[in-house]
Structures are given as structure tokens and as C-alpha cells.
Amino acid sequence: MKMSKAYIPTLKETPAEAEVVSHQLMLRAGMIRKLSSGIYTYLPLGQKVIQKVEAIVREEMNKKGALEVLLPALQPAELWQESERWDYYGPELMRLQDRHERDLCLGPTHEEVITDLIKDELRSYKELPLNLYQIQTKFRDEIRPRFGVLRSREFIMKDGYSFNVNQESLDKTYQQMYAAYEEVFTRCGLDFKAVVADTGAIGGTDSHEFMVLADSGEDTVVFCEECDYAANLELAKSEVDFQPEVQKEAELKKVETPGVDTIEKLADFLDRPAKQLIKSLVFETDSGYLLALVRGDYQLNEVKLKNFLGVVQLEMADEEELITETGIIPGFAGPIDIPAEVQVIADPSVMEMLSGVTGANEADYHYLNVKPGRDFEVDQVVDIREVKAGEECIQCSAELSLTKGIEVGQIFKLGTKYSQALGATYLDENGKEQVMEMGCYGIGITRTVAAAIEQNYDDYGIKWPVAIAPYQVSILALGDGEVLTAAIELYNQLQAAGLDVLLDDRQERAGVKFNDADLIGSPVRVTIGSRSLAAGQAELKVRSTGQELEADLDKAKDRIIKLLADLK
RNA sequence: CGGAGCGUGGCGCAGUCUGGUAGCGCACCUGGUUUGGGACCAGGGGGUCGAAGGUUCAAAUCCUUUCGCUCCGACCA
């Protein structure tokens, strides 16, 4: 592509609205423009990168025998009511009505549609397993779109769905997809980790997320320094010795603690470390109130609690209702002498305490010397705390670390959740009707593009990994006449060799061209000016490493091809 | 939804407190000089000041309502 003919509107200044690097650079490099909150237009350069990522995904999916389909984005409410997600999915689901006032939604994911298709078409075990995928725009009415394309309301996603005869077959497909995902993200040049993940609103049993490691990530990944254990913080477990150091049992004692309604204030007020306090949090569930206890120095992990309770929604109790209905006062809540109907769930970290501190369920009072079992009973002891860095790995006892990640893909074993609800069954060898086992496999295409930038940039712009660079080579013609002729000659040679090449043939000063080239971030930059031309040479520079070298014009093509090959 | 902030030419902003001819930088167009890391000179085009209503002789500026956008939080791929 010649720059003089291209539409790549680069920006010198960073738009004020862009907070994260990928958002800033995608705007500046002329890849995207915002239409509305969380809704973006992809300009030619952005579209080209998307197509590169899609091509890699297609290849790897096809290699595993998955088949591409195109599914409706607009879907009838009935389908979602059948799977009960019309209610469960919540306000995130983009809903609308047609002129007949029929309820519809814009698909955030396609389990319902695909299962509906399959249940009518597939009847025999002989036709299974089947693995279908789609790459298309999906919609989520995000509460707060942010970070540009990383969390938008409209985004491109690859979603795959497998239908298997049994668990064993599903396991096999799942493994294949896991392998395909590793291949996809490796080929995209990303530094990533596959981690054990929560299944959330999609549901199912096993799940892994593929996380691109970047500081701007919204997820926290827990991983072992020694073995292969890696999990999303939402699910991560650790080994911890909760034996209290020098603590003695003593008689329960109520003390006045005016205005001390947080763990921090309490630790300050009593001059005790948080680990000697018990944090009590009150939630509202379908079956009433629930008191969750963790040691003061831990954070409650709501996902763990939700999963234990088997609920999708979990709300902190409304203060006023809580006080009138149970007498529990937020800030001074505790497990001692609370109404029997309030369920008490404690983290193991609490149970070993000999002399803790809890709220007294009375404004401005706490209990000292609290001992679980003696002073209060708990209904369940469950791991509901958030893992902290430095704790022991549950697999090998080595130290755990935490890092930030951007989720670019997730795979699930759905089991029979949707096939059951929507009636996707088949006849087995014995002519008996069986429910299909399903799996689903997603990759955020547009998010992957942004994640790649989050991992590959410097002060001057993007440093594209070769495989997904919109153009592998940028040629800067610093002049016209012979210089331009030589540049076009090399441009033609490289294109003939199958490369995507961007030729800067604009009537611009050198500085402008250099800066745009750095911003757009082609892996290899070639400069041809009167100086180098006089010597019969072109100057090559590798964007990622800064490596510079000169090549004779007649050998430049081969040098460039070799450079690119080495970069992979 | 709670908290904070912002809407002035394509982009970045000043002007708003204290009402009085709508400005600056970048970008864009024309001509000239320049030409290896975002040139210079001269000339030029482009703005319902987010929208509606009100106060006033007079509103970007004051008042009311409303819409949009961004950030923090809850939530989530």
C-alpha cells in the first residue's frame, strides 16, 4: 500500500479520552475512531490487523477440524427464556423490541442459537462429535465501557461450540481447543498464560482463561514459580498454615469501640495486627442473610463464595433492611448472638484463631478474645479468602506470585447445561436418547489486537509482532526521482514475495515519515534516501530491537525476508 | 447505579469566576522558500460555544432542565 493512496490518519497528539496505551496508540496510529461510548469504527489499518488475527484463529481452528458458520446477531427472547438466561444474564444483555413489540436481543454469545440449530439437525451418535465456530460481532451492554477496544460494547469474537457424545469425548475436544489456543496466541507473538478460571454466567464445569500478561490488565493471575499451577485470582487456592503465633485463650469481653467500623480503624484503635481480627461481611441471598467470616488480613473472594452457594448473584445486604430485620449493624457485625436464620460461613483462616476480635452486633461495640467454636458456631467452613502473593502452591508448595492479565480467550466444559435446557439430544448405538455434552471456546479478536499493543510498544508507538503486523515492512522514500524509483522497485519486489508492504511516498519531510513509521510500527523499516542510494544501499531497522543495518539494494529483498523470519 | 470531572472548528486547549465583536496551537487549502527525526514565511477556509428553556439592552459566560463523554467504584469477556 502506498501511503499517498492509503487512509491512515495519524495523530500527533494523544486524544484526552484515551487512558491506556493500546487505546491511545490505536487512535494515534489511525486504526480506530470512536463513534459512541464503547463503540468503535475500524479504519483500514485496524481492520487489517483484525483480519490477520482472524486468519490465524481460522487456521488453527480448521486444523482441529472445527467448522466455520455464521450465526444471527439478532436473536429472539424465547430462546433465551428457554435457557433461563433472559433473566440470569442481567442488564448486560442488549435487549430491544421490534415493531410488533416482540422481545429480541443482540447476541453476547451464541450457545442458545447453536444448540437450537443442532437439536433439530443432529440425531445420531454417528454425526458426533461436531465442533462449530463463528467469528463475528457480539454485543454486551457494559455498565462502563472503558480502555478503548479492551472493554467495548460491540466487539469481534471467535466463539466455538462442540457437541460430544460423552464426557470423555468432550475432554478430548477441550484438550484440542486448549492446544489450538496456545498455538494461536503463540503465533500472535503474545506472552500469555493459561489459567484455571471461573465459569461465571456461561456456566459449566472446567474452564481455562488465556491471559495476556500486561500491567493494564483487569484480571489478576496467580501462578506458581515452580510448577504449572496458574489460576485466576477469583478461583485461586493456596496452602497456608493458620496456626496462630503466641495467642492465648481468654474470656470473652465486650469493649466500647466508638465509630470504629472498618478493619483498618479497628486494628488502629486496638493496636493489633489485622490478622488477629475477624472480618464479618453480610450478604443477602435468595434464602436469607448470610454472614461471611475471613481473617482480618484477608480479602473475601466473592466468586468463591458464590460458587460454594451455587448462585450467580450475590448482593451485599442493604444496610437499613439489615438493621430492622436482623439487628445486625454494618461495621459492627459479628457471628456472636445473631439470629439463628442467618447462615454463617467461615474461611479456615478464622477457625484456628484462639483470641480474635469481632463486632458485637451493637453500635460502637466489639468483642475481644473471641474463639470460634466456643463463642459462636459456624454452619460451614469453606475457603472463601483471596490468595495473597507469597503463599504456598497447592500442588508443589513453592511460592505463589500475582500478576495482571488481559483475558483474551476462555474455554469451558459446559456439560449438559444448554443441551438439557434446549433439548439437544441424540440416539446412541442402542437407539437410546442421550443428552449431548457441550463445550464452548471463545477468543476476543479485537481484544487480542489491543492486548498485543499493551505488550509491544515504546514511547514512539507500536512494535507489532510480525504475524499480526498490518504491514511487515514500511519503506520510507526520502525524496522523489531516483530515490522514489528505487523505493518503488523494492516495494514491488517485496510485494511479489508475498509481503504486506507500506510505501511512504508522500510529499512529507523525513521527520514526519520516521515518526509515522515508528507509530504504525511495522517490524522492519526500510529507508531509502539520496545518501544511501548513492552507495547503492537501503537502510534497514528492526522496530522491536532497534537493530540497524545497511543492505545493497539488489540484496535488500532477501535481507528483509530473512530479518522477518528471524523475528518470528 | 453511587462519586468526580468535562462538552468552545477535525484534534489539543484558553476564554466562563467578574455577561459586552469567539481566540490559540496542531491539522487543512493556496503560493513561495525548505527537505535524513513531526520546517519556515505570507495568505486563506472552517465554530448552532452539546441541546432546550429562562434572566438581561446584551449570554460561551448567570439560572433551570436535558443529552453526551471520561475517570473512580460496584459489575464483567
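Just so it is clear: chains get the letters A, B, ... in the order the sequence lines come, proteins before strands, and each one is counted from 1.
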* To do: Could you let me know what B/U70 is paired to, Watson-Crick or G-U wobble, both distances under 3.5 Å, or none if it's on its own?
  => B/A4

* Selected nucleotide, minimal atom distance to A/Lys541 side chain, candidates B/G36, B/G37, B/C13 -> B/G37

* Is the distance between the ring centroids of A/His110 and A/Tyr418 under 6.0 Å? -> no

* NZ or CZ of A/Lys388 within 45° of A/Tyr298 ring axis and under 6.0 Å -> yes

* Euclidean distance for P, B/A74 against B/G9 (whole angstrom) -> 35 Å

* Between atom CD in A/Gln410 and atom P in B/C76, what is the gap in whole Å? -> 12 Å

* Asked: Given the P atoms of B/U21 and B/G2, what is the spacing between them in whole Å?
  -> 40 Å

* Asked: Expressed in whole Å, how much space separates the P atoms belonging to B/U70 and B/U33?
  -> 47 Å

* Check every strand shown and say whether A/Asp518 touches a base, only sugar-phosphate, or nothing at a heavy-atom separation below 4.0 Å. => base

* Atom-to-atom span, CG of A/Asp198 to P of B/C76 - whole angstrom -> 9 Å

* For B/G25, take OP1 and OP2 only and decide whether either is under 4.0 Å from a side-chain N or O of A/Lys12. => no

* Considering only side-chain heavy atoms of A/Ile143, which listed nucleotide, B/A74, B/G36, B/U70, is closest? -> B/A74

* To do: Using the P atoms only, state how far B/C11 lies from B/G3, rounded to an integer number of Å.
  => 30 Å

* To do: Assess whether side-chain hydrogen bond (donor to acceptor under 3.5 Å, both in side chains) is satisfied between A/Gln410 and A/Ser207, documenting all intermediate values.
  => CA-CA 7 Å; A/Gln410 186 166 13; A/Ser207 179; 2.9 Å; yes

* Answer with base, sugar-phosphate or nothing: what part of the nucleic acid does A/Gly444 contact at a heavy-atom distance below 4.0 Å? => nothing

* Residue closer to the 5' end of RNA chain B, A/Ser152 versus A/Gly148 (nearest nucleotide) -> A/Gly148

* To do: Quote, to the nearest angstrom, the P distance that separates B/G68 from B/G47.
  => 26 Å

* How far does the P atom of B/U61 sit from the matching atom of B/U8, given to the nearest Å? -> 14 Å

* If you measure from the P atom in B/G20 to the same atom in B/U65, how many Å do you get, rounded? -> 25 Å

* Candidates B/C11, B/C76, B/C71 - which lies nearest the side chain of A/Glu13 -> B/C11

* Asked: What is the distance from CD of A/Glu209 to P of B/C76, rounded to the nearest Å?
  -> 12 Å

* Is it true that atom CG of A/Asp215 has more than 12 heavy atoms of other residues, nucleotides or ligands lying nearer than 6.0 Å? -> no

* Asked: So, is A/Arg509 close to the B/A39 phosphate, meaning a side-chain N or O under 4.0 Å from OP1 or OP2?
  -> yes

* For A/Glu218, the option from A/Arg151, A/Lys404, A/Arg144 that meets salt bridge (Lys or Arg N to Asp or Glu O under 4.0 Å) -> A/Arg151

* Remember a base hit wins even if backbone is also touched, and classify A/Glu142 as base, sugar-phosphate or nothing at under 4.0 Å, heavy atoms. => base

* To do: Could you state the atom-to-atom distance from CD1 of A/Ile39 to P of B/G68 in whole Å?
  => 12 Å

* **Between B/C26 and B/A22 - P atom distance, rounded Å** => 23 Å

* Asked: Cationic tip of A/Arg95 within the cone over A/Trp80's six-membered ring, i.e. under 6.0 Å and within 45° of the normal?
  -> no

* Asked: How many Å lie between CZ on A/Arg28 and P on B/C11, as a whole number?
  -> 16 Å

* Looking at every strand, decide which applies to A/Arg525 at a 4.0 Å heavy-atom threshold: base, sugar-phosphate, or nothing. => base

* Atom NZ of A/Lys513 and atom C1' of B/A39: how far apart are they, to the nearest Å? -> 15 Å

* To do: Take A/Tyr460 and A/Thr14, find for each the nucleotide of RNA chain B with the closest heavy atom, and name the residue whose nucleotide sits nearer the 5' end.
  => A/Thr14

* Asked: Given that both distances must come in under 3.5 Å, which nucleotide forms a Watson-Crick or G-U wobble pair with B/C76?
  -> none

* To do: Check whether the side chain of A/Glu508 and the base of B/G38 form a donor-acceptor pair under 3.5 Å.
  => no

* To do: Give a yes/no answer on whether the side chain of A/Arg140 brings an N or O atom under 4.0 Å of OP1 or OP2 in B/C76.
  => no

* Whether over 12 other heavy atoms sit under 6.0 Å from A/Lys555 NZ -> no

* Watson-Crick or G-U wobble mate for B/G36, both contacts under 3.5 Å -> none

* Structure fact -> Partner of B/C62 under the Watson-Crick or G-U wobble criteria, both distances under 3.5 Å, comes out as B/G54

* Asked: So which nucleotide does B/G43 pair with, by the Watson-Crick or G-U wobble rule with both distances under 3.5 Å?
  -> B/C29

* To do: Look at A/Ser36 and B/C69 and indicate whether a side-chain polar atom (N or O) is within less than 4.0 Å of OP1 or OP2.
  => yes

* To do: Taking only the side-chain nitrogens and oxygens of A/Ser37, find out if one of them lies under 4.0 Å from OP1 or OP2 of B/U70.
  => yes

* Asked: Which whole-number value in Å describes the distance from A/Arg144 CZ to B/C69 C1'?
  -> 12 Å

* Asked: Contact class for A/Glu234 vs. all strands (heavy atom < 4.0 Å): base, sugar-phosphate, or nothing?
  -> nothing

* Asked: What do the steps show when you test A/Glu19 against A/Arg146 for salt bridge (Lys or Arg N to Asp or Glu O under 4.0 Å), and what is the final call?
  -> CA-CA 9 Å; A/Glu19 200 72 7; A/Arg146 58 181 135 176; over 6 Å; no

* To do: Please check the phosphate of B/C72 (OP1 and OP2 only) for any side-chain N or O of A/Arg146 closer than 4.0 Å.
  => yes

* Structure fact -> Re B/C24: Watson-Crick or G-U wobble partner, both distances kept under 3.5 Å, found to be B/G12

* Calculate the interatomic distance between A/Leu519 atom CG and B/G38 atom C1'; express it in whole Å. => 11 Å

